[in-house]
Amino acid sequence: MNTFVSRPTFEKEFNYYRRLCNEMGKDIQRIQEDRERLMREVRRYQVQSRLDRDLAHITGSVQDIATLVARTLDAVVEHSLCKRALILREREPGSAQFDVLAAAGFRDLSPKIITHIDNPPAFGHCADGHCFPSNASALFKALNKLAGPGAMIWNYDRETGFAILITGTVGPIDIMFQQQGDDLTSIALHRIVDGLWRLQAREVGGHFVEPVEQKAIEAPQTANPNLEPLSVDTERPTIKEMEIVGQIERGGHIREVVVLSRDESEYAVFVLPSWGSGFRQVRTYRGLSVKVYKDFRRLGSYVRTTCQYHGCIIVMPVEAARAEKLRAAVPDTFGDAEGDATDSPPNIIQ
Amino acid sequence: MVEVIQNAGIIVAASKGLSTESTVVSCLSRFVEGGRNAPCMLLVFAGGLHDPAVILDVIAARYPNTRIVGASAAGIIGPEGAAYSGLEIGMVAFMHDNLTPKLYFANTLAQGDLEAGRELGRMIHQEHAPEATVLLLYDSVLSVEPRRLHVAGAVVRGLQDVLGIHAPITGAGVLTDLAITDGWMVLDGAVRRHVAAALVFPPEVTTEAVVLHACRPISAFMTITGIDGAEILTLDGRRALDVIEERLDMPLISEAGHPSRIMTLGLKLGEQWNSAGPEDYVNRLILTANRQTGSITLFEPDFFEGALVQLMQNDPEMMLQTARTQVATATSSRSDGATPFLRLYIDCAGRASIMSGSEVEEADVVRGALQDDVPFLGFYSGVEIAPMQGFSRPLDWTGVLMTLLVRAR
């Protein structure tokens with residue numbers, strides 16, 4: 001049955017359906033946009049965990065810094081959608097002179113060997129002319145000369161001097177680059193530092209490893225420069241983190257720190273407090289368990305911050321003869337760690 | 001990482017790494033296994049973080065007599081998966097003369113896309129029949145600031161002016177990355193830009209192309225009332241950017257003038273008011289827009305005044321579903337006696353999961369849906385070119401599965 005529709009009515013109806021069509025199109029876009037946002041979030045976390053996993057494997061297996069840096073850069077480039085990437089290292093802390101250790105994407109732009117980056121922040125980014133932190137425009141100007149135009153993300157570890165820079169491109173993927181780049185560079189830098197500590201911890205033979213901080217070192221470096229066994233506070237062989245924090249607040253200090261390492265993958269901390277008569281093993285804050293680290297960087301951070309100890313950290317294998325009394329005092333530290341004693345001299349990390 | 005698939009005359013290898021030299025070497029190492037001779041031709045696709053000059057040097061040092069055809073790629077779809085970090089390299093080695101294409105190129109794109117296409121057509125026409133199978137590759141990027149592209153439609157039209165409208169041309173505009181930053185090709189022993197190359201296969205080789213679409217209209221029709229090449233000035237008599245943004249929940253371009261999201265205009269083919277599917281539309285990505293003039297610029301300049309166009313939206317679910325079904329159908333066993341020997345998948349960069357928001361890589365779905373073990377290599381492109389509704393034309397936001405076959409005797 002045909003129903004006659006007048007032209008004005010037809011036009012109203014026509015316009016109604018046009019509006020309806022456009023509104024429904026907007027709804028579809030909104031749904032699609034939400035979906036894309038969700039997928040980007042999922043992807044972001046997936047990429048972060050994948051990068052962290054890859055880098056954990058790398059830091060646990062490489063034998064030298066050059067390989068560590070090259071493989072880290074490889075992993076960062078693979079996951080970050082960057083156009084260019086650099087890993088740099090400051091020659092001396094505060095020197096503002098950086099060596100380019102590894103570079104990617106510089107097909108048409110040669111990275112300088114050294115550049116001057118004055119007072120670099122630990123973190124910064126720059127896109128569309130806006131910088132964070134706001135006073136870092138000079139930094140990004142310098143980096144721009146080094147790495148060319150584009151959004152930039154910078155991460156820097158003052159203590160070791162390592163820095164990582166990635167640059168993005170202008171376009172639809174720029175948003176994703178910026179969203180995930182902050183986290184990815186941070187993960188990468190932490191893993192490089194972790195790898196550095198691990199490499200230094202692995203060095204055997206009693207030589208001093210490369211200093212990473214030139215601050216004045218609290219004397220004495222060690223109370224036992226010879227190979228006498230380290231003494232233990234036999235009455236109180238362990239110490240809670242809570243006690244350390246409390247005593248330091250009351251004017252005490254940590255005189256020495258010794259780390260026992262098992263398989264270069266687990267580390268237990270012993271401190272010689274000014275209020276005690278021998279080394280004591282650090283337990284958790286409430287003393288519920290032994291404090292054993294797998295990440296040497298975190299250990300370093302704990303010693304420097306919580307223990308407020310800035311002197312040498314002596315690292316030795318758990319089997320070392322000098323560690324005999326420490327092992328005996330707290331036999332549960334590594335479970336089955338007892339083995340053939342060897343007389344390995346300690347590494348010292350400043 | 002090196003993955004290899006091969007048949008008698010074709011070997012495909014893909015690898016990934018920061019070092020261009022070692023990545024190339026790891027691919028090449030597979031071609032010499034079993035005491036094979038050097039390839040007759042190497043077709044190389046490489047991510048934008050690799051240096052094409054190094055690629056050329058490494059290959060030439062190993063195979064001084066092998067013809068090298070190289071192109072940048074926003075990503076590689078290798079036998080083991082798709083990736084677009086810029087570190088990937090994929091290669092197709094043509095081991096025997098009988099399947100190896102002849103190479104022609106015109107390095108005059110910068111002077112004019114149409115004339116470069118005609119020049120290429122004339123070269124092909126001198127030695128081949130009009131129905132010869134052509135794989136067309138060209139450098140997509142004319143300039144970055146302002147963002148301008150070489151026009152695939154003009155290059156194809158130039159070829160068709162000489163070879164005829166029905167010339168079977170399949171191909172791509174190549175890019176270095178998803179952000180359309182650059183493009184390059186390696187031809188005749190040198191790295192080249194603003195160049196178009198045609199690989200023309202022997203007469204016994206034919207081609208099939210499956211075009212995968214996934215765009216659906218999300219607006220009513222709009223009439224183009226002002227257009228200058230690829231720049232649409234007005235829609236429905238008003239500033240085009242205003243009309244488009246009325247239909248969006250966000251600005252089309254950022255403060256810096258860059259697109260904030262991928263949007264496409266679609267031109268419906270066939271009868272205007274009939275029901276239609278995604279395959280009935282020619283889509284053109286909106287490349288950029290001008291806030292001052294209110295114009296929008298498309299990837300290609302082939303829309304015209306009076307054309308009715310619609311905003312189009314990529315549907316990730318449809319994209320994956322069509323990849324599964326159409327690829328499985330196209331690669332199932334055949335009864336015509338023709339023998340497929342190589343599949344190339346030319347995938348729009350916009351279909352990568354990071355751009356389209358799909359849960360999995362559509363290219364991986366395509367790879368998984370292949371029903372045979374014919375050597376396969378894919379790459380992400382800026383523009384895809386394939387026969388559609390009667391003749392070859394540039395496409396946007398599509399995946400083109402090109403199968404090369406030896407005809408039945």
Side-chain angles (χ1 to χ4, degrees), chain A residues 14-15 17-40 42-44 47 70-85 102-108 127-130 149-150 168-177 180, chain B residues 16-20 47-54 83-88 144-145 147 176-182 184 216-222 246-250 254-263 310-317 349-350 352-359:
Chain A
F14 175 77
N15 287 329
Y17 282 116
R18 275 181 69 91
R19 282 197 304 275
L20 187 66
C21 182
N22 289 333
E23 289 304 317
M24 288 171 74
K26 267 189 181 176
D27 290 343
I28 293 172
Q29 283 179 71
R30 197 161 38 246
I31 293 165
Q32 175 69 9
E33 183 67 19
D34 287 346
R35 178 198 168 103
E36 284 178 19
R37 198 175 298 121
L38 186 65
M39 291 311 302
R40 276 200 296 269
V42 172
R43 181 190 181 87
R44 189 173 148 194
V47 167
R71 291 186 61 188
T72 301
L73 190 74
D74 201 342
V76 169
V77 171
E78 184 177 346
H79 293 100
S80 67
L81 296 170
C82 66
K83 184 183 178 192
R84 296 193 171 99
F106 285 82
R107 179 164 51 85
D108 53 346
D128 294 332
H130 302 293
T169 51
V170 173
I173 60 167
D174 186 46
I175 297 168
M176 286 161 267
F177 166 80
Q180 64 181 27
Chain B
K16 180 163 68 175
L18 199 56
S19 158
T20 302
L49 293 180
H50 288 297
D51 185 340
V54 174
Y84 32 82
S85 68
L87 299 177
E88 300 78 19
V144 178
E145 291 291 343
R147 193 167 292 240
T176 52
D177 52 48
L178 301 178
I180 320 175
T181 305
D182 197 3
W184 50 257
R216 288 203 275 211
I218 53 163
S219 78
F221 284 107
M222 300 169 283
E246 278 173 10
R247 288 156 174 77
L248 306 176
D249 276 337
M250 59 190 293
S254 66
E255 282 177 31
H258 304 296
S260 49
R261 62 170 304 162
I262 300 172
M263 288 308 303
Q310 290 167 281
L311 267 179
M312 307 293 284
Q313 175 80 54
N314 190 53
D315 180 342
E317 285 304 318
S353 69
I354 196 159
M355 307 280 271
S356 67
S358 62
E359 287 175 46

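In what follows, chains carry the letters A, B, and so on, assigned in the order in which the sequence lines appear, proteins first and then strands, with residues in each chain numbered from 1.
- Looking only at heavy-atom pairs under 4.5 Å with chain B, the residue among Glu33(A), Arg37(A), Glu23(A) that has the most is Glu33(A).
- For Asp315(B), the salt bridge (Lys or Arg N to Asp or Glu O under 4.0 Å) partners two or more places apart in sequence, or in a different chain, are Arg216(B).
- Heavy atoms of Ser358(B) lying under 4.5 Å from chain A belong exclusively to its backbone.
- Thr20(B) does not touch chain A: none of its heavy atoms, backbone or side chain, sits under 4.5 Å away.
- Counting only distance, with no hydrogens or angles, the side chain of Gln29(A) and the backbone of Arg247(B) share a donor-acceptor pair below 3.5 Å.
- Cys21(A) and Ser219(B) make their closest contact through SG-C, 3.5 Å (heavy atoms, listed as atom of the first residue, atom of the second, distance).
- Both the backbone and the side chain of Glu359(B) come within less than 4.5 Å of a heavy atom of chain A.
- Residues passing the salt bridge (Lys or Arg N to Asp or Glu O under 4.0 Å) test with Arg19(A), sequence neighbours excluded: none.
- Considering CD1 of Ile354(B) and CG of Leu81(A), their distance stands at 4.0 Å, rounded to 0.5 Å.
- Across Lys83(A) and Leu49(B), no two heavy atoms sit closer than the pair O-CD2, 2.9 Å.
- Looking at Gln32(A), the atoms closer than 4.5 Å to chain B (heavy atoms on both sides) all sit in the side chain, from C-beta outward.
- Between Leu248(B) and Lys26(A), the shortest heavy-atom contact is O-CE, 3.9 Å.
- Using a 4.5 Å cut-off between heavy atoms, Ala70(A) contacts chain B through its backbone alone, with no side-chain atom that close.
- Listed here is the closest heavy atom pair of Ser353(B) and Arg43(A): OG-NH1, 3.1 Å.
- Between chain B and the options Met39(A), His79(A), Met24(A), the largest number of non-hydrogen pairs under 4.5 Å is found for Met39(A).
- No part of Arg40(A) comes within reach of chain B, as not one of its non-hydrogen atoms sits under 4.5 angstrom from that chain.
- A pairwise comparison of heavy atoms in Leu18(B) and Asp74(A) identifies N-OD2, 3.7 Å as the closest pair.
- Contacts between Glu246(B) and chain A at a heavy-atom distance below 4.5 Å involve the backbone alone (N, CA, C, O).
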